[in-house]
Amino acid sequence: MQSCIVAMLVLLAGCVVNPVTGERELGWVTPSQEIALGEKNYLPSQQMQGGAYRTDPELTAYVAGVGRRLATQSGVDLPYEFVVLTSGVPNAWALPGGKVAVNRGLLLELDNEAELAAVLGHEVTHAAARHGAQAMERGMLMQGAVLAAAIGASGSDYGGMVVGASQVGAALITTKYGRDAEREADLYGTRWMKKAGYDPMAAVTLQETFVRLSNDRRSDWLGGLFASHPPSAERVANNRALVAEIGAGGMLGREQFVAATSKIRASKGAFDAMDEGRKALAKGDTETAAAKAAAALDIAPEEAALHGFRGDVRYKQKRYDDAVTNYDRAISRDDAYFAYVLGRGLARLELGQRAAAKTDLNRSVELLPTAPAYQALGRIAESEGDVERALAYYDAAGQSDSAVGRAARSRYVAIDLPRRPDRYISARVGSVDGRPALELANPSGSDLANITVIVDLDWADGRAERLERRLDALPAGARTLVRLPNRGVLRDSRVQVVKAELAR
(Lines give C-alpha, C1' and ligand atoms only; values in the text may rest on other atoms or scores of the structure.)
Protein backbone atom coordinates (compact mmCIF):
# COMPACT_ATOMS: atom_id res chain seq x y z
CA MET A 1 0.00 0.00 0.00
CA GLN A 2 2.82 2.40 0.82
CA SER A 3 4.36 2.01 -2.67
CA CYS A 4 0.96 2.68 -4.24
CA ILE A 5 0.55 5.93 -2.31
CA VAL A 6 4.07 7.12 -3.17
CA ALA A 7 3.43 6.28 -6.84
CA MET A 8 0.19 8.24 -6.69
CA LEU A 9 2.03 11.25 -5.22
CA VAL A 10 4.54 11.11 -8.08
CA LEU A 11 1.75 11.00 -10.66
CA LEU A 12 0.08 14.03 -9.08
CA ALA A 13 3.30 16.02 -9.13
CA GLY A 14 4.14 18.24 -12.06
CA CYS A 15 7.34 17.96 -14.07
CA VAL A 16 9.12 21.32 -14.44
CA VAL A 17 12.26 22.53 -16.19
CA ASN A 18 14.70 24.31 -13.91
CA PRO A 19 15.14 27.78 -15.46
CA VAL A 20 18.83 27.91 -14.50
CA THR A 21 20.16 24.39 -15.05
CA GLY A 22 17.72 23.38 -17.81
CA GLU A 23 17.18 20.04 -16.10
CA ARG A 24 13.75 18.47 -15.72
CA GLU A 25 12.73 17.94 -12.13
CA LEU A 26 9.75 16.95 -10.03
CA GLY A 27 7.79 19.94 -8.80
CA TRP A 28 4.57 20.77 -7.00
CA VAL A 29 5.27 24.48 -6.59
CA THR A 30 4.51 26.38 -9.81
CA PRO A 31 6.35 29.58 -10.82
CA SER A 32 3.26 31.66 -10.02
CA GLN A 33 3.02 30.00 -6.61
CA GLU A 34 6.70 30.76 -5.96
CA ILE A 35 6.15 34.44 -6.75
CA ALA A 36 3.03 34.58 -4.58
CA LEU A 37 4.86 32.86 -1.73
CA GLY A 38 7.71 35.35 -1.88
CA GLU A 39 5.36 38.33 -2.07
CA LYS A 40 3.35 37.12 0.92
CA ASN A 41 6.33 36.39 3.16
CA TYR A 42 8.81 39.13 2.19
CA LEU A 43 7.64 41.86 4.56
CA PRO A 44 6.94 39.54 7.54
CA SER A 45 10.37 37.98 7.04
CA GLN A 46 11.97 41.42 7.10
CA GLN A 47 10.15 42.14 10.36
CA MET A 48 11.66 39.01 11.89
CA GLN A 49 15.15 40.22 10.99
CA GLY A 50 15.02 43.67 12.59
CA GLY A 51 13.03 45.42 9.88
CA ALA A 52 14.21 47.36 6.84
CA TYR A 53 17.14 49.69 7.47
CA ARG A 54 15.49 53.06 6.82
CA THR A 55 18.16 55.42 8.16
CA ASP A 56 20.12 55.32 4.91
CA PRO A 57 17.83 54.76 1.88
CA GLU A 58 20.78 55.47 -0.43
CA LEU A 59 22.46 52.31 0.88
CA THR A 60 19.44 50.19 0.02
CA ALA A 61 19.31 51.78 -3.44
CA TYR A 62 23.01 50.98 -3.92
CA VAL A 63 22.60 47.33 -2.88
CA ALA A 64 19.49 46.98 -5.03
CA GLY A 65 21.42 48.36 -8.01
CA VAL A 66 24.13 45.72 -7.61
CA GLY A 67 21.46 43.06 -7.13
CA ARG A 68 19.65 44.04 -10.32
CA ARG A 69 22.89 43.77 -12.30
CA LEU A 70 23.24 40.18 -11.11
CA ALA A 71 19.54 39.38 -11.63
CA THR A 72 19.72 40.66 -15.22
CA GLN A 73 22.55 38.23 -15.95
CA SER A 74 20.49 35.31 -14.59
CA GLY A 75 18.10 35.51 -17.53
CA VAL A 76 15.27 34.38 -15.22
CA ASP A 77 12.33 36.77 -15.27
CA LEU A 78 11.28 37.24 -11.65
CA PRO A 79 10.01 40.32 -9.78
CA TYR A 80 13.34 40.73 -7.96
CA GLU A 81 13.52 42.98 -4.92
CA PHE A 82 16.47 43.77 -2.67
CA VAL A 83 16.45 45.21 0.82
CA VAL A 84 18.97 46.01 3.56
CA LEU A 85 17.85 44.95 7.03
CA THR A 86 18.74 46.53 10.38
CA SER A 87 19.97 43.31 11.97
CA GLY A 88 23.64 43.21 12.95
CA VAL A 89 23.79 39.43 12.43
CA PRO A 90 25.89 38.70 9.31
CA ASN A 91 23.31 37.10 7.05
CA ALA A 92 21.61 37.18 3.66
CA TRP A 93 18.67 35.21 2.36
CA ALA A 94 16.36 34.80 -0.62
CA LEU A 95 12.71 33.82 -0.75
CA PRO A 96 11.12 32.08 -3.72
CA GLY A 97 10.17 34.54 -6.43
CA GLY A 98 13.31 36.67 -6.19
CA LYS A 99 12.90 38.45 -2.84
CA VAL A 100 16.40 39.02 -1.45
CA ALA A 101 17.61 40.58 1.82
CA VAL A 102 21.06 41.48 3.17
CA ASN A 103 21.63 42.33 6.81
CA ARG A 104 23.52 45.46 7.83
CA GLY A 105 25.84 43.16 9.80
CA LEU A 106 26.97 41.32 6.67
CA LEU A 107 27.69 44.52 4.75
CA LEU A 108 30.06 45.55 7.55
CA GLU A 109 32.09 42.39 6.95
CA LEU A 110 32.57 42.83 3.19
CA ASP A 111 35.53 44.59 1.60
CA ASN A 112 34.28 45.69 -1.80
CA GLU A 113 31.41 45.74 -4.26
CA ALA A 114 32.58 42.58 -5.99
CA GLU A 115 32.22 40.66 -2.71
CA LEU A 116 28.72 42.10 -2.38
CA ALA A 117 28.05 40.93 -5.93
CA ALA A 118 29.24 37.44 -4.93
CA VAL A 119 26.78 37.40 -2.02
CA LEU A 120 23.89 38.70 -4.11
CA GLY A 121 24.71 36.43 -7.05
CA HIS A 122 24.56 33.48 -4.69
CA GLU A 123 21.14 34.54 -3.34
CA VAL A 124 19.79 35.38 -6.81
CA THR A 125 20.72 31.83 -7.88
CA HIS A 126 18.85 30.34 -4.93
CA ALA A 127 15.74 32.18 -6.10
CA ALA A 128 16.21 31.67 -9.84
CA ALA A 129 17.08 27.96 -9.54
CA ARG A 130 14.04 27.25 -7.35
CA HIS A 131 16.10 26.11 -4.35
CA GLY A 132 13.53 27.37 -1.84
CA ALA A 133 10.71 25.67 -3.76
CA GLN A 134 12.77 22.48 -3.96
CA ALA A 135 13.27 22.54 -0.19
CA MET A 136 9.51 22.83 0.26
CA GLU A 137 8.90 20.01 -2.20
CA ARG A 138 11.35 17.75 -0.38
CA GLY A 139 9.51 18.52 2.83
CA MET A 140 6.22 17.61 1.17
CA LEU A 141 7.73 14.35 -0.09
CA MET A 142 8.98 13.52 3.39
CA GLN A 143 5.57 14.23 4.88
CA GLY A 144 3.93 12.09 2.22
CA ALA A 145 6.31 9.20 2.88
CA VAL A 146 5.70 9.40 6.62
CA LEU A 147 1.95 9.48 6.05
CA ALA A 148 2.16 6.52 3.68
CA ALA A 149 4.19 4.52 6.19
CA ALA A 150 1.68 5.26 8.94
CA ILE A 151 -1.27 4.23 6.75
CA GLY A 152 0.50 1.09 5.60
CA ALA A 153 1.47 0.06 9.11
CA SER A 154 -1.76 0.71 10.99
CA GLY A 155 -4.53 1.18 8.45
CA SER A 156 -5.57 4.40 10.29
CA ASP A 157 -5.46 8.00 9.62
CA TYR A 158 9.67 34.46 15.61
CA GLY A 159 10.83 32.55 17.33
CA GLY A 160 9.67 31.68 19.03
CA MET A 161 7.21 34.44 19.45
CA VAL A 162 6.02 34.58 15.85
CA VAL A 163 2.69 32.87 15.29
CA GLY A 164 0.37 32.11 12.41
CA ALA A 165 1.20 32.13 8.72
CA SER A 166 4.41 34.11 9.28
CA GLN A 167 6.00 30.92 10.55
CA VAL A 168 6.22 29.82 6.90
CA GLY A 169 8.51 32.76 6.15
CA ALA A 170 10.59 31.94 9.22
CA ALA A 171 11.07 28.40 7.93
CA LEU A 172 11.99 29.60 4.43
CA ILE A 173 14.67 32.10 5.49
CA THR A 174 16.32 29.61 7.84
CA THR A 175 16.37 26.77 5.32
CA LYS A 176 19.71 24.98 5.22
CA TYR A 177 20.33 24.17 1.58
CA GLY A 178 21.97 20.94 0.52
CA ARG A 179 25.45 20.68 -0.98
CA ASP A 180 24.10 20.55 -4.54
CA ALA A 181 22.10 23.74 -4.07
CA GLU A 182 25.07 25.56 -2.51
CA ARG A 183 27.32 24.35 -5.33
CA GLU A 184 24.85 25.60 -7.95
CA ALA A 185 24.50 28.96 -6.18
CA ASP A 186 28.28 29.39 -6.14
CA LEU A 187 28.68 28.24 -9.75
CA TYR A 188 26.01 30.36 -11.41
CA GLY A 189 26.35 33.30 -9.03
CA THR A 190 30.07 33.54 -9.86
CA ARG A 191 29.43 33.20 -13.61
CA TRP A 192 26.82 35.97 -13.44
CA MET A 193 29.07 38.33 -11.50
CA LYS A 194 31.75 37.81 -14.15
CA LYS A 195 29.22 38.63 -16.89
CA ALA A 196 28.18 41.72 -14.91
CA GLY A 197 31.77 43.00 -15.02
CA TYR A 198 32.98 42.02 -11.54
CA ASP A 199 36.19 40.18 -10.73
CA PRO A 200 35.09 36.60 -9.90
CA MET A 201 38.14 36.19 -7.63
CA ALA A 202 36.05 38.07 -5.06
CA ALA A 203 33.90 34.95 -4.77
CA VAL A 204 37.05 33.01 -3.85
CA THR A 205 38.36 35.53 -1.32
CA LEU A 206 34.90 35.84 0.18
CA GLN A 207 34.61 32.08 0.72
CA GLU A 208 38.14 31.99 2.14
CA THR A 209 37.11 34.64 4.67
CA PHE A 210 33.99 32.65 5.52
CA VAL A 211 36.01 29.48 6.11
CA ARG A 212 38.40 31.36 8.38
CA LEU A 213 35.56 32.88 10.36
CA SER A 214 33.90 29.48 10.59
CA ASN A 215 37.08 27.96 11.96
CA ASP A 216 37.26 30.80 14.49
CA ARG A 217 33.65 29.86 15.41
CA ARG A 218 32.45 33.42 15.70
CA SER A 219 29.04 33.14 17.29
CA ASP A 220 27.42 35.87 15.20
CA TRP A 221 28.42 34.12 11.98
CA LEU A 222 27.40 30.69 13.27
CA GLY A 223 23.97 32.07 14.07
CA GLY A 224 23.72 33.93 10.76
CA LEU A 225 24.97 33.12 7.29
CA PHE A 226 26.73 29.90 8.29
CA ALA A 227 23.54 28.41 9.69
CA SER A 228 21.98 28.24 6.22
CA HIS A 229 25.08 28.58 3.98
CA PRO A 230 27.87 26.56 5.63
CA PRO A 231 31.30 27.38 4.16
CA SER A 232 33.82 24.69 3.33
CA ALA A 233 37.23 24.13 1.79
CA GLU A 234 35.43 22.28 -1.00
CA ARG A 235 33.48 25.40 -1.93
CA VAL A 236 36.70 27.45 -2.00
CA ALA A 237 38.34 24.85 -4.27
CA ASN A 238 35.31 24.76 -6.58
CA ASN A 239 35.29 28.54 -6.87
CA ARG A 240 39.04 28.59 -7.64
CA ALA A 241 38.58 26.00 -10.38
CA LEU A 242 35.71 28.00 -11.87
CA VAL A 243 37.73 31.24 -11.89
CA ALA A 244 40.59 29.40 -13.60
CA GLU A 245 38.08 28.37 -16.26
CA ILE A 246 36.28 31.69 -16.84
CA GLY A 247 39.25 33.97 -16.08
CA ALA A 248 39.92 36.44 -13.29
CA GLY A 249 39.79 40.19 -13.75
CA GLY A 250 37.12 42.83 -13.58
CA MET A 251 35.82 45.44 -11.20
CA LEU A 252 36.35 45.23 -7.43
CA GLY A 253 34.70 48.56 -6.67
CA ARG A 254 36.20 49.09 -3.24
CA GLU A 255 35.97 52.88 -3.23
CA GLN A 256 32.29 53.05 -4.12
CA PHE A 257 31.49 50.27 -1.65
CA VAL A 258 33.28 52.05 1.20
CA ALA A 259 31.48 55.28 0.31
CA ALA A 260 28.09 53.56 0.12
CA THR A 261 28.53 51.87 3.51
CA SER A 262 30.10 54.86 5.28
CA LYS A 263 27.03 55.63 7.41
CA ILE A 264 26.61 52.12 8.78
CA ARG A 265 30.35 51.98 9.49
CA ALA A 266 30.13 55.27 11.37
CA SER A 267 27.24 53.95 13.49
CA LYS A 268 28.80 50.52 14.14
CA GLY A 269 30.01 51.55 17.61
CA ALA A 270 26.47 52.60 18.52
CA PHE A 271 25.00 49.25 17.47
CA ASP A 272 27.82 47.40 19.26
CA ALA A 273 26.89 49.30 22.44
CA MET A 274 23.24 48.38 21.93
CA ASP A 275 24.15 44.71 21.49
CA GLU A 276 26.09 44.81 24.76
CA GLY A 277 23.12 46.52 26.38
CA ARG A 278 20.75 43.81 25.15
CA LYS A 279 22.92 41.15 26.74
CA ALA A 280 22.83 43.06 30.02
CA LEU A 281 19.07 43.52 29.75
CA ALA A 282 18.59 39.77 29.18
CA LYS A 283 20.38 39.23 32.51
CA GLY A 284 18.16 41.76 34.26
CA ASP A 285 20.91 44.38 34.54
CA THR A 286 18.82 47.39 33.57
CA GLU A 287 21.36 49.88 34.90
CA THR A 288 24.09 48.71 32.51
CA ALA A 289 21.55 48.40 29.70
CA ALA A 290 20.42 52.01 30.24
CA ALA A 291 24.02 53.24 30.19
CA LYS A 292 24.68 51.37 26.93
CA ALA A 293 21.53 52.82 25.39
CA ALA A 294 22.61 56.34 26.30
CA ALA A 295 26.10 55.74 24.90
CA ALA A 296 24.67 54.36 21.68
CA LEU A 297 22.35 57.33 21.19
CA ASP A 298 25.22 59.75 21.79
CA ILE A 299 26.94 58.22 18.74
CA ALA A 300 23.93 57.81 16.43
CA PRO A 301 20.81 59.66 17.65
CA GLU A 302 19.15 59.26 14.25
CA GLU A 303 18.87 55.45 14.53
CA ALA A 304 15.35 54.20 15.28
CA ALA A 305 16.65 50.90 16.66
CA LEU A 306 18.56 52.67 19.43
CA HIS A 307 15.48 54.61 20.57
CA GLY A 308 13.50 51.36 20.45
CA PHE A 309 16.11 49.68 22.62
CA ARG A 310 15.97 52.47 25.18
CA GLY A 311 12.20 51.97 25.20
CA ASP A 312 12.76 48.29 25.98
CA VAL A 313 15.04 49.24 28.88
CA ARG A 314 12.52 51.72 30.31
CA TYR A 315 9.78 49.12 29.99
CA LYS A 316 11.85 46.61 31.97
CA GLN A 317 12.41 49.30 34.58
CA LYS A 318 8.62 49.81 34.71
CA ARG A 319 9.10 53.43 33.67
CA TYR A 320 6.21 53.13 31.26
CA ASP A 321 5.77 56.85 30.51
CA ASP A 322 9.43 57.10 29.53
CA ALA A 323 9.13 53.91 27.51
CA VAL A 324 6.27 55.41 25.50
CA THR A 325 8.39 58.50 24.84
CA ASN A 326 11.28 56.39 23.57
CA TYR A 327 9.02 54.23 21.40
CA ASP A 328 7.46 57.41 20.00
CA ARG A 329 10.93 58.55 18.94
CA ALA A 330 11.63 55.20 17.31
CA ILE A 331 8.29 55.19 15.49
CA SER A 332 8.81 58.76 14.24
CA ARG A 333 11.92 57.45 12.47
CA ASP A 334 10.47 54.10 11.39
CA ASP A 335 6.73 53.53 11.71
CA ALA A 336 6.78 50.21 9.87
CA TYR A 337 8.63 48.01 12.35
CA PHE A 338 6.41 45.91 14.58
CA ALA A 339 8.62 45.87 17.70
CA TYR A 340 8.40 49.61 18.35
CA VAL A 341 4.61 49.64 17.95
CA LEU A 342 4.27 46.49 20.06
CA GLY A 343 6.46 47.93 22.81
CA ARG A 344 4.45 51.13 22.92
CA GLY A 345 1.21 49.18 23.02
CA LEU A 346 2.40 47.07 25.95
CA ALA A 347 3.60 50.17 27.82
CA ARG A 348 0.30 51.96 27.20
CA LEU A 349 -1.56 48.93 28.51
CA GLU A 350 0.44 49.09 31.74
CA LEU A 351 -0.49 52.79 32.00
CA GLY A 352 -4.18 51.93 31.70
CA GLN A 353 -4.47 53.55 28.26
CA ARG A 354 -6.53 50.69 26.92
CA ALA A 355 -7.86 52.21 23.70
CA ALA A 356 -4.45 53.50 22.59
CA ALA A 357 -2.86 50.19 23.57
CA LYS A 358 -5.39 48.26 21.49
CA THR A 359 -4.65 50.42 18.45
CA ASP A 360 -0.92 49.82 18.76
CA LEU A 361 -1.26 46.11 19.41
CA ASN A 362 -3.52 45.60 16.41
CA ARG A 363 -1.10 47.56 14.24
CA SER A 364 1.82 45.42 15.45
CA VAL A 365 -0.11 42.25 14.54
CA GLU A 366 -0.68 43.64 11.04
CA LEU A 367 3.08 44.02 10.68
CA LEU A 368 3.96 40.70 12.35
CA PRO A 369 1.66 38.46 14.42
CA THR A 370 3.32 37.69 17.77
CA ALA A 371 2.36 35.96 20.98
CA PRO A 372 2.92 39.04 23.23
CA ALA A 373 0.57 41.15 21.10
CA TYR A 374 -2.16 38.52 21.06
CA GLN A 375 -1.80 37.86 24.78
CA ALA A 376 -2.12 41.59 25.55
CA LEU A 377 -5.15 41.88 23.26
CA GLY A 378 -6.63 38.93 25.16
CA ARG A 379 -6.15 40.80 28.43
CA ILE A 380 -7.95 43.83 27.00
CA ALA A 381 -10.82 41.77 25.62
CA GLU A 382 -11.16 39.96 28.93
CA SER A 383 -11.28 43.26 30.84
CA GLU A 384 -14.03 44.42 28.47
CA GLY A 385 -16.07 41.30 29.18
CA ASP A 386 -15.66 39.91 25.65
CA VAL A 387 -14.80 36.36 26.67
CA GLU A 388 -15.04 34.78 23.22
CA ARG A 389 -12.68 37.34 21.70
CA ALA A 390 -10.29 36.93 24.63
CA LEU A 391 -10.25 33.17 24.07
CA ALA A 392 -9.51 33.69 20.36
CA TYR A 393 -6.56 35.95 21.21
CA TYR A 394 -5.20 33.58 23.86
CA ASP A 395 -5.56 30.70 21.42
CA ALA A 396 -3.52 32.61 18.82
CA ALA A 397 -0.83 33.49 21.37
CA GLY A 398 -0.75 29.88 22.52
CA GLN A 399 0.62 28.78 19.14
CA SER A 400 3.99 30.04 20.36
CA ASP A 401 6.13 27.60 22.33
CA SER A 402 7.41 30.35 24.59
CA ALA A 403 6.80 31.55 28.13
CA VAL A 404 4.25 34.01 26.77
CA GLY A 405 2.60 31.30 24.71
CA ARG A 406 2.43 28.94 27.69
CA ALA A 407 0.94 31.69 29.86
CA ALA A 408 -1.67 32.38 27.19
CA ARG A 409 -2.59 28.70 27.00
CA SER A 410 -2.96 28.57 30.77
CA ARG A 411 -5.18 31.63 30.76
CA TYR A 412 -7.28 30.11 27.96
CA VAL A 413 -7.81 26.98 30.05
CA ALA A 414 -8.55 29.02 33.19
CA ILE A 415 -11.37 30.85 31.38
CA ASP A 416 -12.75 27.96 29.38
CA LEU A 417 -12.43 25.13 31.90
CA PRO A 418 -15.32 26.15 34.18
CA ARG A 419 -17.59 26.52 31.14
CA ARG A 420 -16.62 23.38 29.28
CA PRO A 421 -14.75 20.98 31.58
CA ASP A 422 -15.56 18.05 29.29
CA ARG A 423 -13.16 19.52 26.68
CA TYR A 424 -10.22 19.00 29.00
CA ILE A 425 -10.91 15.61 30.56
CA SER A 426 -11.51 12.42 28.66
CA ALA A 427 -14.03 10.21 30.48
CA ARG A 428 -15.67 6.88 29.67
CA VAL A 429 -16.91 3.73 31.34
CA GLY A 430 -14.75 0.67 30.81
CA SER A 431 -14.06 -2.42 32.85
CA VAL A 432 -11.35 -3.75 35.13
CA ASP A 433 -11.29 -7.47 35.88
CA GLY A 434 -14.80 -7.71 34.49
CA ARG A 435 -16.16 -4.95 36.71
CA PRO A 436 -17.27 -1.48 35.51
CA ALA A 437 -14.80 1.36 36.03
CA LEU A 438 -14.70 5.03 35.21
CA GLU A 439 -11.64 5.83 33.11
CA LEU A 440 -10.41 9.44 33.33
CA ALA A 441 -7.55 11.04 31.42
CA ASN A 442 -6.14 14.57 31.33
CA PRO A 443 -4.65 15.42 27.91
CA SER A 444 -5.02 19.19 28.47
CA GLY A 445 -1.42 19.99 29.37
CA SER A 446 -2.51 21.59 32.68
CA ASP A 447 -2.77 20.05 36.13
CA LEU A 448 -6.47 19.81 37.06
CA ALA A 449 -8.24 19.47 40.43
CA ASN A 450 -11.67 19.21 42.10
CA ILE A 451 -13.12 17.17 39.26
CA THR A 452 -16.77 16.10 39.36
CA VAL A 453 -18.17 13.50 36.97
CA ILE A 454 -21.78 12.29 36.56
CA VAL A 455 -22.14 8.68 35.39
CA ASP A 456 -25.45 7.24 34.13
CA LEU A 457 -25.58 3.44 34.03
CA ASP A 458 -28.31 1.37 32.33
CA TRP A 459 -28.36 -2.24 33.50
CA ALA A 460 -29.67 -5.17 31.50
CA ASP A 461 -32.51 -5.80 34.00
CA GLY A 462 -33.95 -2.35 33.24
CA ARG A 463 -32.62 -0.46 36.22
CA ALA A 464 -31.08 2.97 35.68
CA GLU A 465 -28.56 4.46 38.08
CA ARG A 466 -26.96 7.90 38.31
CA LEU A 467 -23.67 8.25 40.21
CA GLU A 468 -21.50 11.21 41.09
CA ARG A 469 -17.77 10.72 41.37
CA ARG A 470 -15.21 13.25 42.53
CA LEU A 471 -11.47 13.35 42.10
CA ASP A 472 -9.17 15.67 44.04
CA ALA A 473 -6.46 15.94 41.36
CA LEU A 474 -5.50 14.73 37.90
CA PRO A 475 -2.06 15.91 36.71
CA ALA A 476 -1.41 16.81 33.09
CA GLY A 477 -1.04 13.69 30.99
CA ALA A 478 -2.26 11.41 33.78
CA ARG A 479 -4.86 8.63 33.62
CA THR A 480 -6.79 7.01 36.44
CA LEU A 481 -9.49 4.41 37.07
CA VAL A 482 -12.38 4.79 39.51
CA ARG A 483 -14.23 1.57 40.31
CA LEU A 484 -18.02 1.55 39.91
CA PRO A 485 -20.59 -0.78 41.52
CA ASN A 486 -21.28 -4.05 39.75
CA ARG A 487 -25.04 -4.60 39.38
CA GLY A 488 -24.85 -7.29 36.73
CA VAL A 489 -24.71 -6.85 32.96
CA LEU A 490 -24.20 -3.24 31.86
CA ARG A 491 -26.28 -2.40 28.79
CA ASP A 492 -25.34 1.26 28.28
CA SER A 493 -23.51 4.13 29.98
CA ARG A 494 -23.14 7.90 29.67
CA VAL A 495 -20.50 10.12 31.29
CA GLN A 496 -20.53 13.87 31.79
CA VAL A 497 -17.69 15.92 33.28
CA VAL A 498 -19.51 18.73 35.09
CA LYS A 499 -16.73 20.45 37.00
CA ALA A 500 -12.95 20.87 36.99
CA GLU A 501 -10.53 23.53 38.14
CA LEU A 502 -6.91 24.40 37.49
CA ALA A 503 -4.72 22.98 40.25
CA ARG A 504 -3.28 25.69 42.45
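Along the sequence shown, residues carry numbers from 1.
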J.: What I want to find out is whether Lys40 reaches Glu34 closely enough, with some N-O distance under 4.0 Å, to be called a salt bridge.
T.: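 No, no charged N to carboxylate O under 4.0 Å.
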
J.: Show your working on side chain to side chain contact (heavy atoms under 4.5 Å, CB included) between Arg420 and Asp422 and close with a plain yes or no.
T.: CA-CA 5 Å; Arg420 295 176 285 192; Asp422 56 305; 4.0 Å; yes

J.: Is there a donor-acceptor pair under 3.5 Å between the side chain of Asp416 and the backbone N or O of Tyr412?
T.: no

J.: Evaluate the criterion side chain to side chain donor-acceptor pair (under 3.5 Å) for residue pair Gln46 and Tyr337; output intermediate values, then yes/no.
T.: CA-CA 9 Å; Gln46 293 176 37; Tyr337 182 44; over 6 Å; no

J.: Assess whether a salt bridge exists between Arg463 and Asp461, defined as any Lys/Arg side-chain N lying under 4.0 Å from an Asp/Glu carboxylate O.
T.: yes

J.: Below 4.0 angstrom, N of the basic side chain to O of the carboxylate: do Glu287 and Lys292 qualify?
T.: no

J.: Between Arg104 and Ser87, does any side-chain donor sit less than 3.5 Å from a side-chain acceptor?
T.: no

J.: Pick one: which of Leu281, Asn326, Asp275 meets side chain to side chain contact (heavy atoms under 4.5 Å, CB included) with Phe309?
T.: Leu281

J.: Going by the rule salt bridge (charged side-chain N to carboxylate O under 4.0 Å, His left out), which residues pair with Arg491 if we only count those two or more places apart in sequence or in a different chain?
T.: none

J.: Begin from the C-alpha positions of Ile454 and Val495 and carry the test side chain to side chain contact (heavy atoms under 4.5 Å, CB included) through to its verdict.
T.: CA-CA 6 Å; Ile454 300 297; Val495 181; over 6 Å; no

J.: Can you tell me how far the CG atom of Leu78 sits from the NZ atom of Lys99, to the nearest 0.5 Å?
T.: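 The distance works out to 8.5 Å.
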
J.: CG/Asp312 to CD/Gln317 distance, rounded to the nearest 0.5 angstrom?
T.: 11.0 Å

J.: State which residue, out of Arg494, Arg466, Arg487, fulfils the salt bridge (Lys or Arg N to Asp or Glu O under 4.0 Å) condition with Asp458.
T.: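 Answer to the salt bridge (Lys or Arg N to Asp or Glu O under 4.0 Å) test with Asp458 among Arg494, Arg466, Arg487: Arg494.
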
J.: Tell me whether Arg314 forms a cation-pi arrangement with Tyr320, defined as NZ or CZ under 6.0 Å from the six-membered ring centre and within 45 degrees of its axis.
T.: no

J.: Describe, in one word, how the ring planes of His126 and His122 are oriented to each other, choosing from parallel (under 30°), tilted (30 to 60°) and perpendicular (over 60°).
T.: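 His126 and His122: perpendicular rings.
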
J.: So, do Tyr424 and Val413 sit near enough that their side-chain heavy atoms are less than 4.5 Å apart?
T.: yes

J.: Are Asp447 and Leu502 close enough, and set up right, to give a side chain to side chain contact (heavy atoms under 4.5 Å, CB included), and what steps lead you there?
T.: CA-CA 6 Å; Asp447 294 339; Leu502 282 173; over 6 Å; no

J.: If you compare all heavy atoms of Val497 against all heavy atoms of Ala427, which two are closest, and at what distance to 0.1 Å?
T.: CG2-CB, 3.9 Å

J.: Can you tell me how far CG of Leu481 sits from OG of Ser431, rounded to the nearest 0.5 angstrom?
T.: 9.5 Å

J.: Kindly compute the distance separating CD1 (Ile425) from OG1 (Thr480), expressed to the nearest 0.5 Å.
T.: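 Taking CD1 in Ile425 and OG1 in Thr480, the distance rounds to 11.5 Å.
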
J.: Measure across Glu439 and Gly430 and return the closest heavy-atom pair with its distance rounded to 0.1 Å.
T.: OE2-CA, 3.6 Å

J.: Could you tell me which non-hydrogen atom of Val163 sits nearest to which non-hydrogen atom of Ala396, and how far apart they are?
T.: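 Heavy atoms only, the tightest pair is CG1-O, 3.7 Å.
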
J.: So that I can tick it off, tell me whether Glu350 and Lys318 are bridged by a salt bridge, with the cut-off set at under 4.0 angstrom between side-chain N and carboxylate O.
T.: no

J.: Would you say Tyr374 and Gln399 are linked by a side-chain donor-acceptor pair, where the criterion is simply a distance under 3.5 Å?
T.: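 There is no such pair (donor and acceptor under 3.5 Å, judged by atom type) between the side chains of Gln399 and Tyr374.
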
J.: Tell me, do Pro421 and Val498 make a side-chain contact under 4.5 Å, heavy atoms counted?
T.: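 Contact flag for Pro421/Val498 side chains = no.
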
J.: Distance only, no hydrogens: is a donor on one side chain within 3.5 Å (strictly under) of an acceptor on the other, for Glu123 and Trp93?
T.: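 There is no such pair between these side chains.
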
J.: Please round to the nearest 0.5 Å and tell me the distance separating atom CE of Met48 and atom CG of Asn41.
T.: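 Spacing of CE (Met48) from CG (Asn41) equals 7.0 Å.
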
J.: Any Lys/Arg nitrogen of Lys279 or Glu276 sitting under 4.0 Å from an Asp/Glu carboxylate oxygen of the other?
T.: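 No, this pair does not count.
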
J.: Considering residues at least two apart in sequence or located in another chain, which fulfil the salt bridge (charged side-chain N to carboxylate O under 4.0 Å, His left out) criterion with Arg409?
T.: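 By the salt bridge (charged side-chain N to carboxylate O under 4.0 Å, His left out) rule, Arg409 matches no residue at all.
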
J.: Shortest non-hydrogen contact from Ala270 to Leu306?
T.: CB-CD1, 3.8 Å

J.: Between Leu457 and Leu467, which heavy-atom pair has the shortest distance, and what is it?
T.: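 For Leu457 versus Leu467, the nearest heavy atoms are CD1-CD1, 3.8 Å.
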
J.: What is the minimum heavy-atom distance between Ala305 and Thr86, and which atoms define it?
T.: CB-CG2, 4.1 Å

J.: Under the criterion side chain to side chain donor-acceptor pair (under 3.5 Å), I'd like the reasoning laid out for Glu303 against Thr55: C-alpha separation, chi angles, the key distance, then a yes or no.
T.: CA-CA 6 Å; Glu303 293 288 354; Thr55 306; 2.8 Å; yes

J.: What residues, two or more places apart in sequence or in another chain, satisfy side-chain hydrogen bond (donor to acceptor under 3.5 Å, both in side chains) together with Arg348?
T.: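 Scan of Arg348 (side-chain hydrogen bond (donor to acceptor under 3.5 Å, both in side chains), adjacent residues dropped) gives Asp360.
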
